[in-house]
Amino acid sequence: MLEYTRVRGVSGFGSSSGLNRRFIPGSGSFFRLASTPRKRLIALLCLLGAGFLVLLVRLFEVQIDQHEKYVKLAQGNILRIIPLPPLRGAILDRNGQILVGNGTNFVVSMIPDEIHNRRRIFSILSRDLSFSPSDLQDAFDRMRDVLPSYIPIPLKAHLTTAQVGRVSMDLYRLPGIIIQTIPQRAYLHGSLASHLLGYVGSLTVGDMKKSYASHLPPGTGIGKTGVEREFDSILQGTPGESRKLVDSQGSVIRKLEPKYPTQGHSIRLTVDYRLQQVAEDALGARRGAVVAIDPNNGDVLVLASHPSFDPNQISSALTAKTWHDLLNNPDHPLTNRAIQGLYPPGSVFKVVTTMAGLKAGVIDPAKPFKCNGIVFLGGWAFHDWKRGGHGTLRLRRAIMQSCDIYFYRAGMALGPDKIAEMAHLFGLGSRSGIDLPSENTGTVPDRNWKMKRMHQPWYPGETLPFAIGQGYLTVTPLQMARLMGVVATQGVLVTPHLYLSSDAPGVFPPENSMRKTSLQNANFSPLREGLWAVVNEPHGTGHPVRMKEMEIAGKTGTAQVISNRIPEGGTVHEKIRPDSWFVGFAPFVNPRIVVAVLVENGGDGGDVAGPVARAVFQEFYRDYLAPVSDASSNGHIYIKEPHT
């Protein structure tokens with residue numbers, strides 16, 4: 001409680017009693033404790049002790065807890081450290097052919113601490129670079145709040161030799177401006193395997209705020225898609241440092257020994273460069289995809305998608321117009337059709353219906369069947385692709401000539417759920433597990449799927465198109481390659497992979513890439529005989545794929561993208577023509593390769609997709625299976641192995 005004492009009022013400020021109340025410092029209850037000299041001394045010592053305690057805590061924070069921070073700040077006054085972007089490791093094919101390496105990129109950068117007249121600097125640079133000052137300002141503003149003020153901010157990358165020369169001549173009047181040499185990704189074969197390899201882009205502001213890239217300096221390339229993204233942690237090197245002593249004005253006193261960046265680890269892919277080249281050349285300018293895998297271990301030998309793009313264009317001088325054109329191209333060149341494109345598989349799916357029918361006992365390979373070209377269900381007519389039908393046939397010829405009516409009847413006897421169950425055993429409706437980002441799953445419909453998705457029951461008329469690979473069913477070309485791999489190995493479902501080896505310690509190829517299925521106990525012989533006949537019999541739908549050097553088995557497909565029947569002699573717009581499929585394996589005995597080809601809106605599978613597959617089979621035979629006489633081995637014949 002505060003105490004007051006009465007004093008005589010001051011003239012002009014008096015109260016009714018003639019006295020004023022005035023606060024007397026020291027007369028309060030707190031100061032009453034220090035009413036004696038001894039108590040005042042104790043209070044003073046307490047105050048001094050509290051002050052020393054605060055000082056000790058602060059000294060602990062500065063000298064111990066935040067020691068490294070203040071050491072760096074102190075060093076920054078005399079030592080200027082400029083981070084150097086690392087080199088990425090190379091990407092090679094299975095035989096050691098370099099697919100992706102490194103080149104040189106010249107970048108003009110600004111050190112904010114050393115800039116006194118930014119407007120003047122931008123004005124000079126804009127003339128030297130033929131670049132607007134506002135664009136230079138935008139580049140500066142994007143990074144100024146992310147980087148420390150002593151770190152160079154890239155203003156313009158991918159300088160030409162002429163631009164480097166002009167800026168170099170003006171450096172004497174451009175304090176704080178430097179020209180950096182930064183690694184640039186080089187895709188040595190242009191657009192070849194572009195979707196598989198992916199591309200590298202410079203670090204964005206968002207990337208630099210994330211933990212995986214926070215240690216990387218500006219200008220560092222980081223994987224955005226494909227192998228570049230999937231294996232970025234292996235390919236990415238360690239940044240270096242350029243160090244120099246500066247005075248209080250920022251002028252360089254002496255350059256110190258730099259800490260050089262280290263190159264990332266190289267990786268070797270399962271892909272075969274020659275096979276990939278042949279596949280892309282055979283596909284040409286058409287939209288589509290080609291996949292080739294080893295059905296015994298899951299090695300991906302080919303993964304092609306068209307139309308493609310040049311990753312050099314994206315990883316280097318990408319303009320807003322170029323990026324806009326790629327994104328808005330109606331052919332979607334950035335989409336990896338091999339793992340992201342979703343298509344009805346058409347008659348290739350009859351492989352699944354055949355195995356489901358054999359397992360359920362509704363298909364007897366030896367029993368004759370009469371195909372008159374049409375089947376009726378609930379007042380609806382379902383036609384065969386061949387007008388008038390195929391006459392009397394058995395399973396082998398039904399597969400060979402792709403008789404729709406035969407498989408309509410099988411589908412009606414099976415129902416959608418048994419067909420869907422078999423499709424899942426073949427790996428459809430789920431991701432394959434390939435070591436690439438953004439793979440699609442596709443759709444395998446059944447009664448439960450339709451009820452959950454559309455809140456409608458399954459109608460009997462939907463089973464017939466499902467049995468021949470139409471309707472709600474969608475797959476990727478990679479899934480179809482896996483499917484045929486199960487037939488080739490008679491029951492083994494592989495996990496496809498691209499990684500083969502690396503010089504990085506502790507990184508090994510994937511294990512357990514093969515998964516045994518319940519189909520291993522099934523009888524694949526009737527199906528395989530039909531697939532052999534598709535290619536090797538004169539009237540087989542895949543006869544254009546036949547090779548005299550090697551026996552190939554497979555299945556064609558002509559999948560409608562919309563329900564239509566082309567009138568006799570009529571035409572249909574290209575975008576609604578059926579998709580063309582061929583999926584097969586070789587050699588027929590001891591298969592070593594599966595090839596899946598899709599040509600969007602290509603039409604007949606045997607005539608369009610078939611020759612593309614044949615070109616890949618031929619190249620594989622020449623490179624891996626053709627007998628070669630070795631003079632050093634006394635003329636003995638040997639067979640080349642796929643691993644070199």
Side-chain angles (χ1 to χ4, degrees), residues 85-93 96-108 129 131 139 154 156-164 179-204 207 216 218-232 234-237 261 263-264 266-269 271 273-274 276-277 279-281 283-285 302-329 331-338 436-438 498:
L87 288 167
R88 291 176 72 83
I91 302 176
L92 300 85
D93 85 333
Q97 174 78 32
I98 298 178
L99 303 176
V100 187
N102 295 298
T104 301
N105 174 20
F106 293 104
V107 179
V108 61
L129 301 174
F131 206 58
K156 180 76 168 66
H158 313 292
L159 303 183
T160 65
T161 305
Q163 288 173 323
V164 171
I179 296 176
Q180 295 179 284
T181 303
I182 293 177
Q184 176 177 302
R185 212 56 167 151
Y187 299 87
L188 304 183
H189 305 284
S191 62
L192 181 77
S194 58
H195 296 90
L196 156 69
L197 298 172
Y199 61 87
V200 165
S202 296
L203 281 171
T204 64
D207 291 330
L216 299 173
T220 302
I222 188 170
K224 299 294 185 179
T225 62
V227 168
E228 293 277 27
R229 175 179 170 183
E230 186 73 16
F231 299 101
D232 189 77
I234 299 176
L235 295 167
Q236 193 66 263
Q263 185 166 359
S266 297
I267 62 173
R268 199 169 182 174
L269 303 180
V271 172
Y273 162 74
R274 289 172 60 86
Q276 181 81 20
Q277 183 73 68
E280 296 200 20
D281 288 346
L283 193 56
V302 174
L303 196 77
S305 175
H306 272 193
S308 58
F309 59 91
D310 186 352
N312 290 303
Q313 190 181 43
I314 296 180
S315 297
S316 57
L318 178 65
T319 65
K321 181 181 183 304
T322 301
W323 184 244
H324 179 271
D325 290 344
L326 286 171
L327 289 178
N328 293 279
N329 189 318
D331 289 335
H332 307 292
L334 295 176
T335 299
N336 186 349
R337 285 164 162 80
L436 280 179
S438 306
L498 290 160

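A heavy-atom distance below 4.5 Å is found between the side chains of Thr181 and Phe106. No side-chain heavy atom of His189 sits less than 4.5 Å from a side-chain heavy atom of Gln276. Using a 4.5 Å heavy-atom threshold, the side chains of Leu92 and Ile98 count as touching. The closest side-chain heavy-atom distance from Thr225 to Leu334 is not below 4.5 Å.
Rounding to the nearest 0.5 angstrom, the gap separating the CD atom in Glu280 from the OG atom in Ser194 is 7.0 Å. Distance check, rounded to the nearest 0.5 Å: CG of Leu327 to NE2 of His324 gives 8.0 Å. Here NE2 of His306 is found 6.0 Å from OG of Ser191. Values are rounded to the nearest 0.5 Å. We find the CD-CG distance between Glu230 and Leu197 to be 13.5 Å, quoted to the nearest 0.5 Å. Remark: Leu129 CG to Thr160 OG1 distance equals 8.5 Å, nearest 0.5 Å.
Of the possible polar contacts, one joining the Gln236 side chain to the Gly221 backbone as a donor-acceptor pair under 3.5 Å is found. Looking at Asn105, its side chain never comes within 3.5 Å of a backbone N or O of Ile182 through a donor-acceptor pair. Judged by distance alone, the side chain of Gln180 and the main-chain N or O of Val107 form no donor-acceptor pair under 3.5 Å. Panel note: side chain Arg88, backbone Val200; no donor-acceptor pair is recorded below 3.5 Å. A distance-only check finds no donor-acceptor pair linking the side chain of Ser305 to the backbone of Asn336 [under 3.5 Å].
Between Pro183 and Pro86, the shortest heavy-atom distance links the atoms CG-O, 3.6 Å. Across all their heavy atoms, Glu228 and Tyr199 have their closest contact at CB-O, 3.8 Å. Leu196 and Leu436 get closest at one heavy-atom pair: O-CD2, 3.8 Å. The minimum heavy-atom distance linking Asn102 with Gln263 is given by the pair ND2-NE2, 3.6 Å. When all heavy atoms are compared, the tightest approach of Leu303 to Ala338 is CD1-CB, 3.7 Å. Leu235 approaches Val227 most closely through the heavy-atom pair CD1-O, 4.2 Å.
The ring pair (Phe, Tyr, Trp, His ring centres under 6.0 Å) check on Phe231 picks up Tyr499, with sequence neighbours excluded. Under the rule for a salt bridge (Lys or Arg N to Asp or Glu O under 4.0 Å), the partners of Arg337 that lie at least two apart in sequence or sit in another chain are Glu600. Annotation: ring pair (Phe, Tyr, Trp, His ring centres under 6.0 Å) contacts of Phe131 (sequence neighbours excluded): none. With sequence neighbours excluded, the residues forming a salt bridge (Lys or Arg N to Asp or Glu O under 4.0 Å) with Asp325 are Lys321, listed by chain and number. Partners of Asp281 under the side chain to side chain donor-acceptor pair (under 3.5 Å) rule, at least two apart in sequence or in another chain, are Gln277. Legend: residues meeting ring pair (Phe, Tyr, Trp, His ring centres under 6.0 Å) with His195, ordered by chain and number and at least two apart, are Phe309.
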- Task: Tell me, with the steps shown, if Gln97 and Arg274 meet side-chain contact (heavy atoms from CB on, under 4.5 Å).
- Result: CA-CA 10 Å; Gln97 174 78 32; Arg274 289 172 60 86; over 6 Å; no

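Other residues, nucleotides and ligands contribute more than 12 heavy atoms inside 6.0 Å of the CD1 atom of Ile179.
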